[in-house]
Every structure is written in structure tokens, then in C-alpha cells.
Amino acid sequence: PFIVAGPGVSANATSAVPITGVDLLPTLAALAGYGGSLPKELDGGSIESVLMNNGVGEVARANPFFVFHQGVSKVPRSAIISGDYKLIKNWDKEERPMELYNIARDLSESDSLVTEMPEKVDELRELMLAYLEDTNAGIERVSKGGKYVDGKFVKEKEPSEKRNRKQRNTSVVHSSE
């Protein structure tokens with residue numbers, strides 16, 4: 001839910017246009033009359049036209065999809081929403097690495113369509129991975145016994161090995177005058 005009140009915004013209007021927090025900066029810049037260009041790295045787009053058109057319209061963004069990252073439950077996940085579909089990539093779940101939902105029909109995300117729609121899974125996975133690569137968003141997560149780097153588990157060296165490695169990489173220089 002998102003609530004807006006202000007000059008030119010119709011009272012009691014509702015909208016089904018999806019927006020996210022990254023749309024706020026471009027929107028505030030547009031509403032303030034900022035005439036310059038915003039950094040091209042911004043993911044969001046201005047919702048000004050939707051606000052001023054009784055909740056109808058589209059938001060122009062650099063990408064026609066949203067990518068989200070979730071860490072609340074301590075499980076590394078990324079999700080992409082494009083149109084009616086949401087793909088979730090579980091970075092450390094071997095048994096269920098991908099989940100696909102039609103969020104227009106299954107808002108509770110209870111019926112994964114991964115096996116029924118493998119082409120859609122591939123399409124959205126490629127979009128997500130290309131986005132993550134373009135934004136240099138390497139996936140790294142520290143976990144018990146190791147960490148996840150770009151979706152792969154890398155075992156951590158034992159503490160004694162770490163100490164030995166540090167000692168090998170340390171040099172002491174003595175000088176005499």
C-alpha cells in the first residue's frame with residue numbers, strides 16, 4: 001500500500017500500477033520541477049503521471065521489471081517481477097532453487113509453476129542474472145562453515161589454516177645500522 005496526498009492528486013483515487021520505493025526519488029524530483037538528469041544507475045521511475053491521472057498510467061523505468069533481495073529470514077533470495085510473474089531464486093536451497101508464481105492469480109504464492117512453465121523460469125532467470133551482473137551485485141553470504149559466492153557454496157578454511165596462511169603472508173624485516 002502507498003498513500004499520496006497533494007496538489008493535483010485526486011482524492012480517493014486508487015491504482016493497480018505497481019510501484020516500489022526506488023520510484024520515490026525520480027517522483028520527488030519530477031514533482032519538485034528538477035530539470036536535470038538523474039543518474040542512469042537509478043532503477044526507479046517517476047510515478048508523477050500516475051498520480052496526476054487519477055491512478056491510471058505506467059511508470060517508465062530503465063528496466064521493465066523489478067529485482068528484490070530478501071534477507072529478513074536469513075535465507076539469501078532474489079526475486080524478479082515482470083508482468084504477472086514473479087520468480088524467486090533461493091541461493092542456498094539445493095532442493096528448491098527456483099519458485100515461479102503468477103501473482104495476478106496466486107497472490108499468496110502457494111502454487112509454484114516451475115515445472116509447468118520452464119520457459120518462463122529460464123526467461124526470468126536470465127533477466128535477473130543479467131541485471132545482477134550489470135549492477136556488479138555479486139552474491140556473497142557468510143554461513144556456517146562457508147559462504148555463498150555467486151550462488152555457489154564455498155567452504156571456509158579452518159581457523160588454524162587461516163592463522164597459518166596469515167603467518168605465511170607476513171614478513172618481518174630486521175635492519176641493523
Side-chain angles (χ1 to χ4, degrees), residues 1-91 93 96-141 150-151:
F2 190 75
I3 299 172
V4 176
V9 178
S10 299
N12 300 316
T14 60
S15 179
V17 176
I19 65 166
T20 182
V22 298
D23 295 326
L24 291 178
L25 177 62
T27 302
L28 294 174
L31 291 172
Y34 178 70
S37 60
L38 296 173
K40 65 179 178 142
E41 294 84 9
L42 288 179
D43 290 331
S46 174
I47 64 171
E48 179 185 28
S49 64
V50 176
L51 294 175
M52 302 304 168
N53 193 27
N54 208 25
V56 178
E58 293 185 10
V59 180
R61 296 181 185 89
N63 294 304
F65 53 81
F66 298 108
V67 175
F68 299 94
H69 305 287
Q70 190 272 81
V72 175
S73 66
K74 307 291 188 236
V75 176
R77 297 199 271 183
S78 296
I80 183 169
I81 297 175
S82 181
D84 290 343
Y85 292 95
K86 177 179 180 181
L87 179 75
I88 301 171
K89 167 72 173 133
N90 295 298
W91 292 100
K93 284 189 175 181
R96 195 169 160 191
M98 298 282 184
E99 300 170 48
L100 177 69
Y101 301 101
N102 181 326
I103 55 176
R105 292 194 314 239
D106 181 16
L107 194 56
S108 65
E109 299 177 9
S110 58
D111 185 26
S112 180
L113 303 170
V114 169
T115 55
E116 292 89 344
M117 301 182 74
E119 300 85 16
K120 182 58 83 174
V121 171
D122 290 344
E123 171 194 336
L124 294 179
R125 184 184 66 236
E126 291 306 315
L127 273 175
M128 180 193 309
L129 295 177
Y131 173 84
L132 294 174
E133 186 175 312
D134 289 347
T135 58
N136 295 317
I139 304 299
E140 183 174 309
R141 174 180 174 261
D150 295 325

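The basis for the numbers below is simple: all heavy atoms, side chains too, and nothing from hydrogens, waters or symmetry mates.
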- Spacing of CE belonging to M117 relative to OH belonging to Y85, to within rounding of 0.5 Å: 3.5 Å

- Message: Tell me which pairs pass salt bridge (Lys or Arg N to Asp or Glu O under 4.0 Å) where either residue lies in residues 16-27, with sequence neighbours left out.
- Response: D23-R61

- Message: To check you understand the geometry: which heavy-atom pair defines the closest contact between G8 and M52, and what is its length?
- Response: O-SD, 3.3 Å

- Message: Determine whether L113 and K120 satisfy the following criterion, side-chain contact (heavy atoms from CB on, under 4.5 Å), listing intermediate values before the conclusion.
- Response: CA-CA 9 Å; L113 303 170; K120 182 58 83 174; over 6 Å; no

- At what distance, to the nearest 0.5 angstrom, does CZ of F2 lie from OG1 of T14? 14.5 Å

- Gap between atom CG of L127 and atom CD1 of I80 - 0.5 Å precision: 4.5 Å

- Message: I'd like to check V50 versus V59 (side-chain heavy atoms, cut-off strictly below 4.5 Å). Are they in contact?
- Response: yes

- Task: Over all heavy atoms of both residues, which pair between P26 and G45 is shortest? Give the atoms and the distance, please.
- Result: CB-C, 3.7 Å

- Message: Rounded to the nearest 0.5 Å, what separates atom CG in L24 from atom CD1 in I19?
- Response: 7.0 Å

- Item | Heavy-atom pair of closest approach, residues L42 and L38 | CD1-CB, 3.7 Å

- For S108, enumerate each residue passing the side chain to side chain donor-acceptor pair (under 3.5 Å) test, keeping only those at least two apart in sequence or located in another chain. D106, S110

- Mind running side-chain contact (heavy atoms from CB on, under 4.5 Å) on M128 and K89 for me, showing each step along the way? CA-CA 9 Å; M128 180 193 309; K89 167 72 173 133; 3.9 Å; yes

- Audit row: I88, E109, side-chain contact (heavy atoms from CB on, under 4.5 Å) steps and yes/no: CA-CA 10 Å; I88 301 171; E109 299 177 9; 3.8 Å; yes

- Message: Please enumerate all residues that pass side-chain contact (heavy atoms from CB on, under 4.5 Å) together with T115, with sequence neighbours excluded.
- Response: none

- Item | Straight-line distance of R125 CZ to M98 CE, nearest 0.5 Å | 5.0 Å

- Sequence neighbours excluded, which residues qualify as side chain to side chain donor-acceptor pair (under 3.5 Å) partners of D111? none

- Could you tell me whether the side chain of T27 and the main chain of I47 form a donor-acceptor pair under 3.5 Å? yes

- Taking every non-hydrogen atom, the tightest pair across S82 and F65: CB-CB, 4.0 Å

- Within 6.0 angstrom of E133 CD, more than 12 heavy atoms from elsewhere: no

- Item | Residue list, side-chain contact (heavy atoms from CB on, under 4.5 Å) with A60, at least two apart or on another chain | none

- Quick note, side chain to side chain donor-acceptor pair (under 3.5 Å) partners involving residues 33-58, not counting sequence neighbours, are S10-N54, D43-Y131

